[in-house]
Structures are given as C-alpha cells and as structure tokens.
Amino acid sequence: QVQLVESGGGSVETGGSLRLSCAASTYHPDAACMGWFRQAPGMEREGVAAAHIGGESTTYADSVKGRFTISQGQGSYNTVYLQMNSLKPEDTGTYFCASGPCGAGWYSLEEVAYKIWGQGTQVTVSS
C-alpha cells in the first residue's frame, strides 16, 4: 500500500510564499498522478493542482493559476512539490496530497480519480 507524506505547511502573511512537499512511499501505479486538494473550514474539499508523474501534464484550479506551481522532484518519480506564491487569505485551509492511476477525472481534479490520500498539512494566510 502506498503512503503519502506531506510537509511544508505553515502560517504566512498575505503575499507570502510556502512550498508543500508530498512523497509517496514507493512507486506504484496508484501514484502515477499526484495532486493537491484543500479544504477550508466549513467548506467542501476542492482540487488545487495535479501532475502526471513522469510526463509533462499539469492542471490547476482557476483560483490558483499563475500563483501556484506543481512540480516533480528532480530524478524522483514519487515526489511532488506545490510552490505557492502571492498567497491570499482565501488560500487558507488544510492541504491534502492525493494520488491516483491517472484515470478519468484526474485532469479535472475530481476526487474520485484519486485513490490514496495523505493526512493533510495546514496552511494559514493572514491578512
């Protein structure tokens, strides 16, 4: 069973930056696509960004385009990073790493396409 371990959350002021990391315990077909979702208090979880590991395809939610960048670890097929710049208070939430086999729905950031989930890391952006 693949496990996902997240790190890098924290608290910043508006306009600040954070980088999240997610490492899969091993390469597995269920970790062929890796992405990030977030959940604000009282809100539904939403997709943020995802990448096809080993390929060049990435996808972003409209709310983070131009500010967030998802990337793979150099020489690693089981690590992804989420560089978050120009952070806003509305980016506050628990960020979850997720992975799946790149089936239907991965590109449109549908939760059903992601089979394995991390525990989450908190991101807080103050105004």
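Here the structure is a predicted model, which is why all the values come from computation and not from measurement.
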**Request:** Verify salt bridge (Lys or Arg N to Asp or Glu O under 4.0 Å) between Asp62 and Lys65, making sure each step is shown before the conclusion.
**Result:** CA-CA 5 Å; Asp62 289 343; Lys65 283 180 181 176; 3.1 Å; yes

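Here the CD-CZ distance, from Gln122 to Arg38, works out to 12.0 Å after rounding to the nearest 0.5 Å. Taking OG1 of Thr69 as the start and CD of Gln83 as the end, the distance is 7.0 Å to the nearest 0.5 Å. A distance of 7.5 Å separates CG of Asn78 from OG1 of Thr26, quoted to the nearest 0.5 Å. We find the CD-OG distance between Glu13 and Ser126 to be 5.0 Å, quoted to the nearest 0.5 Å. Taking OG of Ser99 as the start and CD of Gln3 as the end, the distance is 11.0 Å to the nearest 0.5 Å. With rounding to the nearest 0.5 angstrom, the CG atom of Leu87 is 11.0 Å from the OG atom of Ser11.
When side chains are defined from C-beta on, Arg67 does not count as touching Tyr60, because their heavy atoms never get closer than 4.5 Å.
With Val123 as the partner, the side-chain contact (heavy atoms from CB on, under 4.5 Å) test is satisfied by one option alone out of Leu20, Leu82, Thr92: Leu20. For the side-chain contact (heavy atoms from CB on, under 4.5 Å) with Trp36, the qualifying choice from Tyr81, Phe68, Tyr95 is Tyr95, the only one to do so.
Taking both residues in full, the closest heavy atoms of Val125 and Lys88 are given as CB-O, 3.3 Å, listed atom of the first, atom of the second, then distance. Nearest heavy atoms, Ala113 versus Ala104: CB-O, 3.4 Å. Shortest non-hydrogen contact noted between Ala51 and Thr58 is CB-CG2, 4.0 Å. Here the closest heavy-atom approach between residue Ala61 and residue Gly47 is recorded as CB-O, 3.4 Å.
Crowding of Glu110 atom CD: a count of heavy atoms from other residues, nucleotides or ligands under 6.0 Å exceeding 12. Counted within 6.0 Å of CD on Glu46, heavy atoms from surrounding residues, nucleotides or ligands total more than 12; the atom is thus considered enclosed.
Ring pair Trp106/His52 is perpendicular by interplanar angle, where above 60° counts as perpendicular and below 30° as parallel.
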